[in-house]
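In what follows, every heavy atom counts, from backbone to side chain, and hydrogens, waters and symmetry copies are set aside. In listed order, ligands and their atoms are each counted from 1.
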Amino acid sequence: MVVPKTRSLIVFVVLLLVFNAATLCHGGVTSRFVRKLAKGDDMPLDSDVFRVPPGYNAPQQVHITQGDLEGKAMLVSWVTMDEPGSSQVLYWIDGSDQKRSAHGKITKYKFYNYTSGFIHHCTIRRLKPNTKYHYEVGIGHTVRSFWFMAPPEVGPDVPYTFGLIGDLGQSYDSNSTLTHYDLNPTKGQTVLFVGDLSYADQYPNNDNVRWDTWGRFVERSVAYQPWIWTAGNHELDFVPELGETKPFKPYSNRYHTPYKASNSTSPFFYSVKRGPAHIIVLASYSAYGKYTPQYKWLEDELPKVDRTQTPWLIILMHAPWYNSFNYHYMEGETMRVMYEPWFVKYKVDLVFAGHVHAYERTERISNIAYNVVNGICTPVNDSSAPIYITIGDGGNLEGLATNMTEPQPKYSAFRESSFGHATLDIKNRTHAYYAWHRNQDGYAVEADNLWIFNRYWNPIDESTAASA
Ligand SMILES: *[C@@H]1O[C@H](CO)[C@@H](O)[C@H](O)[C@H]1NC(C)=O
Ligand SMILES: *[C@@H]1O[C@H](CO)[C@@H](O)[C@H](O)[C@H]1NC(C)=O
Ligand SMILES: *[C@@H]1O[C@H](CO)[C@@H](O)[C@H](O)[C@H]1NC(C)=O
Ligand SMILES: *[C@@H]1O[C@H](CO)[C@@H](O)[C@H](O)[C@H]1NC(C)=O
Ligand SMILES: *[C@@H]1O[C@H](CO)[C@@H](O)[C@H](O)[C@H]1NC(C)=O
Ligand SMILES: *[C@@H]1O[C@H](CO)[C@@H](O)[C@H](O)[C@H]1NC(C)=O
Ligand SMILES: [Fe+2]
């Protein structure tokens, strides 16, 4: 007879196997690994990660993003609370004592009964490639210092590593996601952020104090490496009941993008080149139908992508086109119908989206044969099509998406309800190594991974379904 202690151990092991088992359905893998079902709580206002830096008028919420088309400029932003103070940034190359300065601008906004601090935006230009820069903000009052690496010159075979984070929020889970990204042995150099930043709109009156806490929370990453911003639905802050009818007011005051450099007319859709990648950011919540500014811009933009200069064509958006969870189901459908033929024609490598609070990766598929009368409306394998990845698993207070459509559609290669982040490690023009990390594993553990082959230079079938 088994002694009780051993028996409970056996029961535990069996349960562990059951819950861990990746179940094969019609499509790819549905991993039943579910971290926890309870909604995550936001970190309280007095949390360590929200601490206001000490000193009179000290700059807070420091964040950087690419400031031009090719990565030779950086846009530095921060907030001062006591008075406007200086919008100057001092910066210098690591090891040099020759300091240069740039001057920015201040914006400020009101939202219902909230008044923002003084929001500074300053672009520093003519950065030397692959060079470490130090920078200082808060000149004249309380100076704070940070640093970043300028990216390598844009080119086809420069290795570069991107982090992928979405729907982050400011819960304990969000903090765990950011910590896992920081401590991942694969070091991300720039974050591609797929939208839904602070979730301040979940508070009474969209309490914009939660935009400030979010800015302080993520500073430990975004002051040192650029995050490329995508607008999500939680950036809309459209509340007619409060008299707030200008969409994206807090977001667009706080988070600028270099949209003019790619001839866009809106901060919500634009492109940047970074290392070996041409990154196109699309706006799920701006008009995208035929004749709209976004449609015309994208139509002009795609033929400009030069795969001999930037082999990797990556698209970011908030609402996914291919999503087999029962959350936000088909919300991306109308945009897919408009733009998917272009993605296939121009051989987009990867499309990253958020919105659904889970992780999912598709096969290379397209669904562009349908023409209203022919009834051909099932996604098919298509070696010219992108892989679609939903990475809306940053860990915000709304909790995980756990309810999935069954059976798993054929196009879905891997799906799981866990919080986490991903990295895309581009090696050269033909190969990139992609890995997804869930928060409850050790920092180095990859829960889903595959080699991704470039669609222009190396369009062979990756046969992705077997990953687990
Ligand atoms: C804004 O109004 C709400 C109630 O409508 C109140 O609880 C809050 O304290 C006010 N905030 C400020 C900054 O006045
Ligand atoms: C957030 O994570 C950091 C890094 O792991 C840790 O130092 C900090 O205490 C955490 N804060 C909260 C409120 O969990
Ligand atoms: C933007 O438009 C101007 C004027 O037509 C053109 O010279 C420039 O090359 C365009 N830039 C990009 C990135 O397309
Ligand atoms: C999952 O979603 C489906 C479709 O929306 C719904 O009918 C079903 O009740 C949901 N199941 C659970 C357990 O919530
Ligand atoms: C590109 O990178 C892959 C993976 O590291 C490597 O196997 C391949 O040889 C590289 N190609 C060239 C031309 O260096
Ligand atoms: C599509 O590709 C996947 C992965 O290579 C494969 O498992 C599946 O059978 C293919 N489906 C069709 C209809 O060819
Ligand atoms: Fe969303």
Side-chain angles (χ1 to χ4, degrees), residues 36 40-53 66-73 81 108-117 154 165 168-184 198-224 237 239-244 250 257-267 269-274 277-281 293-294 296-306 309-310 313 346 394-397 419-421 437 439-443:
K36 64 173 191 200
D41 285 327
D42 266 0
M43 295 180 281
L45 289 174
D46 60 359
S47 299
D48 51 1
V49 292
F50 298 149
R51 217 174 279 140
V52 174
Q66 183 159 319
D68 66 350
L69 190 62
E70 303 223 328
K72 291 198 163 63
M81 289 297 190
K108 204 171 189 308
Y109 73 93
K110 282 191 192 325
F111 190 95
Y112 185 54
N113 65 357
Y114 167 93
T115 305
S116 77
V154 169
I165 301 178
L168 186 57
Q170 46 193 302
S171 71
Y172 291 99
D173 294 313
S174 322
N175 197 31
S176 170
T177 300
L178 197 57
T179 302
H180 275 69
Y181 176 61
D182 287 343
L183 299 180
N184 187 333
S198 74
Y199 289 74
D201 61 352
Q202 300 302 84
Y203 286 82
N205 308 321
N206 293 35
D207 189 357
N208 275 224
V209 164
R210 282 285 174 172
W211 272 108
D212 291 315
T213 53
W214 194 80
R216 297 198 290 270
F217 158 51
V218 294
E219 187 190 84
R220 72 181 198 245
S221 173
V222 71
Y224 299 91
D237 287 300
V239 200
E241 311 88 274
L242 299 180
E244 290 300 342
T257 62
Y259 65 97
K260 288 179 185 155
S262 54
N263 284 350
S264 164
T265 51
S266 159
F269 51 87
Y270 62 100
S271 72
V272 292
K273 302 179 198 182
R274 205 162 178 87
H278 189 118
I279 296 148
I280 294 179
V281 178
Q294 182 165 211
K296 292 184 74 163
W297 177 80
L298 185 60
E299 188 179 33
D300 288 347
E301 173 70 11
L302 284 165
K304 286 186 202 162
V305 179
D306 176 0
Q309 188 202 31
T310 49
L313 176 51
Y346 290 100
N396 63 75
L397 77 173
F419 294 128
H421 76 277
H437 297 255
N439 286 353
Q440 63 273 37
D441 292 335
Y443 302 121

Can you list the atoms of ligand 2 that are under 4.0 Å from a heavy atom of Met43?
-> 12 (C), 13 (C)
Has Lys108 got more than 12 heavy atoms of other residues, nucleotides or ligands less than 6.0 Å from its NZ?
-> yes
Check the side chains of Ser171 and Ser174 for a donor-acceptor pair under 3.5 angstrom, ignoring hydrogens and angles.
-> yes
Do the side chains of Met43 and Thr213 get nearer than 4.5 Å, heavy atoms only?
-> no
Candidate with minimal heavy-atom separation from atom 13 (C) of ligand 2, of Asp48, Leu178, Asp182 = Asp48
Criterion side-chain contact (heavy atoms from CB on, under 4.5 Å) on Ile165 and Tyr181, from CA distance to verdict | CA-CA 9 Å; Ile165 301 178; Tyr181 176 61; 4.1 Å; yes
Heavy-atom distance under 4.5 Å between the side chains of Phe217 and Phe50, does that happen here?
-> yes
Just to confirm, does any protein heavy atom lie below 4.0 Å from atom 7 (O) of ligand 3?
-> no
Under 4.0 Å from any heavy atom of Ala261, which atoms of ligand 3 are there?
-> 13 (C)
Is the closest heavy atom of Ser271 to ligand 3 under 4.0 Å?
-> no
Is the closest N or O pair between Ser47 and ligand 2 shorter than 3.5 Å?
-> no
Distance to 0.1 Å, residue and atom name: give those for the protein heavy atom nearest to atom 5 (O) of ligand 2.
-> Thr179 OG1, 3.2 Å
Check: Gln170 side chain, Val218 main-chain N or O, donor-acceptor pair, under 3.5 Å = no
Any idea which protein heavy atom is nearest atom 2 (O) of ligand 3, and the distance to it?
-> Asn263 ND2, 2.2 Å
Measure up the Tyr109 and Tyr114 rings against each other and bin them: parallel (under 30°), tilted (30 to 60°), perpendicular (over 60°).
-> tilted
Tell me which protein heavy atom sits closest to atom 10 (C) of ligand 1, plus the residue, atom name and distance to 0.1 Å.
-> Asn113 ND2, 2.5 Å
List the closest protein heavy-atom neighbour of atom 12 (C) of ligand 2: residue, atom name, distance to the nearest 0.1 Å.
-> Asn175 ND2, 3.2 Å
Can you tell which part of Tyr112 has a heavy atom less than 4.0 Å from ligand 1: side chain, backbone, both or neither?
-> side chain
For Tyr172, atoms of ligand 2 separated by under 4.0 Å from a heavy atom | 13 (C), 14 (O)
Is any side-chain heavy atom of Tyr112 closer than 4.5 Å to a side-chain heavy atom of Asn208?
-> no
Protein heavy-atom partner closest to atom 14 (O) of ligand 3 - residue, atom, separation in Å | Lys304 NZ, 2.6 Å
Check Leu69 against ligand 3 and report side chain, backbone, both or neither, counting heavy atoms closer than 4.0 Å.
-> side chain
Pairwise side-chain contact, Asn206 with Glu244, heavy-atom cut-off 4.5 Å (strictly under) = no
Decide yes or no for Tyr443 and Asp182: does some side-chain heavy atom of the first lie under 4.5 Å from some side-chain heavy atom of the second?
-> no
Sub-3.5 Å N/O-N/O distance, Ser262 and ligand 3 = no
If we number the atoms of ligand 2 from 1 as shown, the ones under 4.0 Å from a heavy atom of Val49 are 1 (C), 11 (N)
Would a 4.5 Å heavy-atom cut-off, applied to side chains only, mark Asn396 and Ser198 as touching?
-> no
Using a strict 4.0 Å cut-off to heavy atoms of Asn205, name the atoms of ligand 1 that fall inside it.
-> 2 (O), 3 (C), 4 (C), 5 (O)
